[in-house]
Amino acid sequence: METKMKKSFQGGMKNIVPNLELVFKVCYLVHLLMAFNAYFAGERIMNVTLVLTLFFGGLMGIMRLIRIKDYITFPNILWLIAFIGSYAITALVNIRYGLFESAQYFVWLLFQFGLLYTFDWKRDREEVRKEFHIVAYVLIVILTIYNIIGFIMLMQNHGFWHEAADGQIHRIGMAEWGRLHGLHADPNYGAVTSAVGLLLALYLMMRNKKIWIRLFLSITVLFQYLFIVFSVSRSGLIAAICGTAAFVGLYYLKKAKKYTMIVSIIAVVVVAGVMFGGSKLLINSYNTYMEYRTEESGDDITKKEPTISREGDMEATGGDISNRRFSIWKSAIEIFISSPVTGVGFRNIIPYAKDQLPGTYILKVNNQYGDFDAMHNVIMDTLASQGIIGIAILAGFIVSTIVFLIKNFNAIREEHWVVNSVLFCCCLTIGISSMFVSQILYVNNPNTYLFWALLGYLIYSMKRDGERINKEAGKTKEVLK
């Protein structure tokens with residue numbers, strides 16, 4: 001009787017969990033997209049999305065703990081558990097510099113590693129595919145709305161400062177210094193998110209035969225690309241070019257009937273050239289248009305800088321091509337050297353620097369700009385935050401993941417090639433951009449969410465194909481015996 005009740009309970013749980021996962025993932029994604037919207041960031045409505053995310057995340061966490069055996073075998077999860085342990089040790093060692101914010105992010109780290117990345121790999125593939133597509137469409141629809149509004153502001157050369165209820169101040173629309181912010185609280189993050197949205201839209205165009213959906217997705221691709229270009233985010237553009245070119249190259253690597261490698265390389269070069277050349281052409285055309293409008297109208301537009309460029313940043317930093325990153329990375333190394341084993345904790349970087357390294361660049365008194373509490377590079381963030389222990393664990397996870405992907409590469413079924421390619425290229429896009437902006441670890445933003453969620457889908461898909469090959473090989477051996 002007890003065995004039947006247990007099986008019935010477990011069966012019911014398996015039916016509930018997939019729906020709960022979808023609700024949680026959508027709530028979490030919407031929360032982050034709103035949190036990094038310049039209108040919504042810091043407003044009271046964010047408390048509603050936060051509570052919903054924590055509520056459904058908490059329920060999902062309880063469900064996974066009950067069925068922990070189904071998740072603990074997911075590839076490379078032990079590395080992430082070790083990373084969480086290292087994070088906790090660092091927080092305790094540096095408790096005098098603060099604990100509350102470290103504890104807050106500890107929850108998000110559990111969500112990202114335990115709920116986004118980790119899968120029950122025995123879940124039905126069609127069920128997971130539908131979940132992935134819904135998450136992708138939610139991202140694309142919201143991004144398209146953001147970027148269409150941003151484009152309208154661009155064409156009107158309209159921009160202003162907005163102060164939220166909690167005192168945060170954000171730039172909306174065009175900035176006088178020559179770049180489009182639109183509705184994104186940070187144009188660099190917005191450009192990377194748009195690059196991922198562009199890739200997912202391309203993938204869904206390939207999957208869908210309905211003309212009206214393809215038309216919508218084509219519009220989406222256009223406006224994602226336009227924001228990447230006019231945000232003048234170098235990290236966003238580089239990542240978008242690399243990710244999109246890689247996706248098209250992988251597509252032709254499998255789909256081309258003859259000379260696959262040659263066709264694939266040509267496709268990569270063409271896509272990279274078109275995206276880079278297109279960005280230059282669009283910016284030059286826009287600048288020419290705005291200069292013409294200024295001369296013809298003589299209206300209030302003359303009060304603002306009418307051209308798109310990064311010259312203002314270069315002037316402010318004395319010609320520093322890295323836009324202060326080299327100096328910030330030097331501070332990260334200084335912090336690492338002063339606390340090499342456990343690091344100081346990401347949320348404690350500024351308090352620690354003020355106490356132990358008062359002359360380091362990231363402090364406002366030394367750069368005349370502001371306190372830099374992030375190192376604009378995931379490796380530097382980890383070095384400063386969790387020291388040798390953290391960086392060793394992160395390296396172990398990266399190497400193990402690469403080995404897993406290579407090991408299971410030949411097991412990918414042809415019908416899963418395109419979806420696996422886009423998942424890989426989305427992660428590649430975010431990974432490349434993380435060399436120039438802080439994400440993937442320590443920063444709870446849409447790109448961090450997307451990295452762990454999409455990597456989870458990729459590992460799940462490849463593990464399922466790998467298990468199929470192993471089963472077929474096992475059956476073959478039995479027959480031979």
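All residue numbers in this chain count up from 1 along the given sequence. What you see is a predicted model; the values in this text were computed from it and never measured. No hydrogens, no waters, no symmetry mates; every other heavy atom, side chains included, goes into these values.
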Centroid separation Trp329 to Tyr361 less than 6.0 Å: no

Would you check if the side chain of Asn408 reaches a backbone N or O of Ala411 as a donor-acceptor pair within less than 3.5 Å? no

Show the nearest heavy-atom pair for residues Leu250 and Cys425, with the distance to one decimal. CD1-SG, 3.8 Å

Donor-acceptor contact present, side-chain Thr118 to main-chain Phe113, <3.5 Å: yes

Go through the side-chain N and O atoms of Gln386 and Tyr442 and say whether any donor and acceptor fall under 3.5 Å apart. yes

cation_pi(Arg324, Phe372) dist<6.0 Å, angle<=45: no

Is it true that a side-chain atom of Tyr137 and a backbone atom of Phe132 form a donor plus acceptor pair closer than 3.5 Å? no

Side chains of Ser235 and Ser433 only: does a donor on one sit below 3.5 Å from an acceptor on the other? no

Please check if the number of heavy atoms outside Ile45 that lie under 6.0 Å from its CD1 is greater than 12. no

Taking the six-membered ring for Trp, are the ring centroids of His162 and Phe160 within less than 6.0 Å of each other? no

Donor + acceptor pair across side chains of Asn188, Arg179 (<3.5 Å): yes

Taking every heavy atom of Ser331 against every heavy atom of Thr360, the minimum-distance pair comes out as OG-OG1, 2.6 Å

Any side-chain heavy-atom pair of Thr193 and Phe36 under 4.5 Å: no

For the backbone of His31 and the side chain of Thr49, can you confirm whether one donor and one acceptor N or O come within less than 3.5 Å of each other? no

How close do Ala374 and Asp381 get, heavy atom to heavy atom, and via which atoms? C-OD1, 3.9 Å

Answer yes or no: is there a side-chain heavy-atom contact under 4.5 Å between Phe346 and Ile349? yes

Close side-chain approach of His416 to Val419, heavy-atom, < 4.5 Å: yes

N-O pairing of Arg67 and Asp70 below 4.0 Å: yes

Min side-chain heavy-atom separation Leu154-Met174 under 4.5 Å: yes

Testing the 3.5 Å rule here: is there a donor-acceptor pair between the side chains of Asn447 and Tyr189? no

Side-chain donor-acceptor contact under 3.5 Å, Asn147 with His184: yes

Donor-acceptor pair, Arg64 side chain versus Gly114 backbone, under 3.5 Å? yes

Trp108 ring center within less than 6.0 Å of Phe111 ring center: yes

Derivation of the ring pair (Phe, Tyr, Trp, His ring centres under 6.0 Å) call for Phe247 and Phe424: CA-CA 8 Å; Phe247 176 54; Phe424 171 77; over 10 Å; no

Side-chain donor-acceptor pair present, Tyr87, Ser385, cut-off under 3.5 Å: no

Tell me whether Asn367 contacts the main-chain N or O of Leu363 through its side chain, where contact means a donor paired with an acceptor under 3.5 Å. yes

Are Tyr28 and Phe56 an aromatic pair by the rule of ring centers under 6.0 Å? no

Just do the ring pair (Phe, Tyr, Trp, His ring centres under 6.0 Å) check on Trp121 and Phe74 with the steps written out, would you? CA-CA 7 Å; Trp121 64 271; Phe74 196 69; 8.9 Å; no

Phe397 and Trp452: aromatic ring centres closer than 6.0 Å? yes

Is it true that Glu414 and Lys254 make a salt bridge, defined as a side-chain N closer than 4.0 Å to a carboxylate O? no

Expected output: side-chain Asn445 to main-chain Thr448 donor-acceptor under 3.5 Å: yes

Rounded distance [0.5 Å steps], CD1 in Ile379 versus CD1 in Ile440: 8.5 Å

Grab the two heavy atoms, one from Arg171 and one from Trp161, that are nearest each other, plus how far apart they are. NH1-NE1, 3.1 Å

Donor-acceptor side-chain pairing of Asp355 and Tyr97 below 3.5 angstrom: yes

If you define the side chain from C-beta out and look only at heavy atoms, does anything of Ile228 sit under 4.5 Å from Met275? no

Taking C-beta and beyond as the side chain, do Gln439 and Val192 meet within less than 4.5 Å on heavy atoms? yes

Side-chain donor-acceptor contact under 3.5 Å, His133 with Glu131: no

Between Arg347 and Gly98, is there a donor-acceptor pair closer than 3.5 Å when you use the side chain of the first and the backbone of the second? no

So that I can tick it off, tell me whether Arg125 and Glu415 are bridged by a salt bridge, with the cut-off set at under 4.0 angstrom between side-chain N and carboxylate O. no

Given Tyr203, which partner from the list Met206, Arg207, Met205 fulfils the side-chain contact (heavy atoms from CB on, under 4.5 Å) test? Arg207

How far apart are the closest heavy atoms of Leu115 and Gly57, and which atoms are they? CD1-O, 3.5 Å

Check this for me: Tyr105, atom OH, are more than 12 non-hydrogen atoms of other residues, nucleotides or ligands nearer than 6.0 Å? yes

Looking at side-chain heavy atoms only, is the closest gap between Thr90 and Val344 below 4.5 Å? no

Report the C-alpha distance between Asn94 and Tyr352 in whole Å, list the side-chain angles of each, state the deciding distance to 0.1 Å, and finish with yes or no for side chain to side chain donor-acceptor pair (under 3.5 Å). CA-CA 9 Å; Asn94 295 278; Tyr352 179 88; over 6 Å; no

Say whether, by atom type as modelled, one donor and one acceptor occur between the side chain of Asp465 and the main chain of Arg413 under 3.5 angstrom. yes

So His181 and Ile172, do their side chains get closer than 4.5 Å, heavy atoms only? no

Could you verify whether a donor N or O on one side chain and an acceptor N or O on the other, from Gln104 and Asn444, lie under 3.5 Å apart? no

